[in-house]
Amino acid sequence: MKYFGEGLSEKHKELSRIIRRPSMLEQAAQLFLEIHASLHLSRISGTQPNEVDALLSVLTDSEYAVMPSGRDETIAWVLWHIARIEDLTMGILAAKGNQLFNEEWQKRLNVSITDTGNALTDDEIMLLSKNINTAELISYRNAVGERTRKIVRELDSEALKRKVSCEDIARIRQEGGVTQQEESAWLLDFWGKKDVAGLLLMPPTRHVMLHLNDCCRWKQEIRTKKKFFRS
């Protein structure tokens, strides 16, 4: 069921159609930025209040750390997960630069992990969700989103066709972006098969759309159900 992002799937399909056409570079960049703006707080893009504002504006700290059912994660875990993946893929793979996350951010966020959280158990997800500083989590995701927008504005058609390099994939492992566990390590194989255009179509867009849809559903369930799997 759709809880978030009405019309974004259609825009994403259009982006997929034009993103590798050199003659449509400007249109593709603008469409990406439009989609991306809908997936972050409105102040990141200077647009009108959006669904992300509505999702996060009235959440309490305890609501970030609720696992509605055994099939679900938590809103805190999702925000960590999508921010880490966007940071790693855009900063290291797309821009061939650095990730924003560092020891200072780790301290500010009050987290013990550095990876995307793919392999965490339910207990580990709950520990992360209860301990993480949610205000700093939003700040970190904001910083990642702002940096992504800067990267995309600077990409040319040749950069969009560039394949992800083995050296940059290795850097993500070396810097703790993934773990050795199968549930985490598969990401490197997945990203390693992409070009930059392919990256733009998944980690900072489609991937986020799916996870924010879950968060909107969970928020509704958190505020209507009386019993949860974990809280």
* **Heavy-atom pair with the smallest gap, counting every atom of Asn133 and Arg108** => CB-O, 3.6 Å

* Between the side chains of Glu86 and Thr148, is a donor N or O closer than 3.5 angstrom to an acceptor N or O? -> yes

* To do: Answer yes or no for Lys193 and Phe190: cation-pi contact, defined as NZ/CZ to six-membered ring centre under 6.0 Å and angle to ring axis within 45°.
  => no

* To do: Mind telling me whether His207 and His211 have parallel, tilted or perpendicular rings, with 30° and 60° as the class edges?
  => perpendicular

* **Main-chain N/O of Ala94 paired with Arg162 side-chain donor or acceptor, under 3.5 Å** => yes

* Below 4.0 angstrom, N of the basic side chain to O of the carboxylate: do Glu34 and Lys11 qualify? -> yes

* Asked: Is a side-chain donor-acceptor pair under 3.5 Å present for Asn118 with Thr116?
  -> yes

* Asked: Looking at Leu31 and Glu14, what are the two nearest heavy atoms and their distance?
  -> CD2-CG, 3.7 Å

* Do the two ring centres, one from Tyr64 and one from Trp218, sit under 6.0 Å apart? -> no

* To do: Verify, without hydrogens or angle tests, whether Lys219 (side chain) and Leu55 (backbone) share a donor-acceptor contact under 3.5 angstrom.
  => yes

* Check: Met67 and Asp122 side chains under 4.5 Å, non-hydrogen atoms -> yes

* To do: Locate the shortest heavy-atom distance separating His36 from Gly145; write the atom from each residue and the value.
  => CE1-O, 3.4 Å

* Heavy-atom closest contact (Ile85 atom, Pro203 atom, distance) -> CG2-CB, 3.7 Å

* Walk me through it: do Glu167 and Arg171 pass the test salt bridge (Lys or Arg N to Asp or Glu O under 4.0 Å)? => CA-CA 6 Å; Glu167 293 78 12; Arg171 278 188 58 202; over 6 Å; no

* Asked: Between Lys194 and Leu201, is any pair of side-chain heavy atoms under 4.5 Å apart?
  -> no

* Close side-chain approach of Arg149 to Ser45, heavy-atom, < 4.5 Å -> yes

* With no hydrogens and no angle check, do the side chains of Ser9 and Arg206 hold a donor and an acceptor under 3.5 Å apart? -> yes

* If you measure only the distance, is there a donor-acceptor pair under 3.5 Å linking the side chains of Ser42 and Asp53? -> yes

* To do: Looking only at non-hydrogen atoms, find the nearest pair between Arg20 and Gly198 and report the distance.
  => NH2-N, 3.4 Å

* Asked: Do Arg147 and Leu100 come close enough that some side-chain heavy atom pair is under 4.5 Å?
  -> yes

* Applying side chain to side chain donor-acceptor pair (under 3.5 Å), run through Asp61 and Thr134 and close with a yes or a no. => CA-CA 7 Å; Asp61 284 345; Thr134 55; 2.8 Å; yes

* Sub-3.5 Å donor-acceptor pair from the side chain of Glu146 to the main-chain atoms of Ala143, do we have one? -> no

* Does one side chain, of Thr179 or Asp115, offer a donor that lies under 3.5 Å from an acceptor on the other? -> no

* **Where Ser231 and Val66 come nearest, the two heavy atoms and their spacing** => CB-CG2, 4.1 Å

* Asked: Is there a donor-acceptor contact under 3.5 Å from the side chain of Asn110 to the main chain of Asn131?
  -> yes

* Asked: Does Asn50 reach the main-chain N or O of His40 with its side chain, forming a donor-acceptor pair under 3.5 Å?
  -> yes

* **Check: Thr114 side chain, Gly177 main-chain N or O, donor-acceptor pair, under 3.5 Å** => no

* Would you tell me whether Asp72 and Ser69 have side-chain atoms, one donor and one acceptor, within less than 3.5 Å of each other? => yes

* Quick one: do the Arg173 and Gln180 side chains pair a donor with an acceptor below 3.5 Å? -> yes

* Determine whether the side chains of Tyr140 and Arg84 contain a donor N or O and an acceptor N or O closer than 3.5 Å. => yes

* Contact check, side chains of Leu39 and Pro204, non-hydrogen atoms, under 4.5 Å -> no

* Heavy-atom donor-acceptor pair, Trp105 side chain to Asn102 backbone, under 3.5 Å -> no

* Do other residues, nucleotides or ligands put more than 12 heavy atoms under 6.0 Å from the CZ atom of Arg223? -> yes

* Asked: Do Glu103 and Lys107 touch side chain to side chain, with heavy atoms closer than 4.5 Å?
  -> no

* Asked: Taking C-beta and beyond as the side chain, do Val164 and Leu93 meet within less than 4.5 Å on heavy atoms?
  -> yes

* Tell me, yes or no, whether the heavy-atom count around Glu182 atom CD, taken from other residues, nucleotides or ligands under 6.0 Å, exceeds 12. => no

* To do: Report yes if the side chains of Thr74 and Arg230 come closer than 4.5 Å at any heavy-atom pair, otherwise no.
  => no

* With the threshold set at 4.0 Å, does a side-chain nitrogen-carboxylate oxygen contact exist between Glu221 and Arg217? -> yes

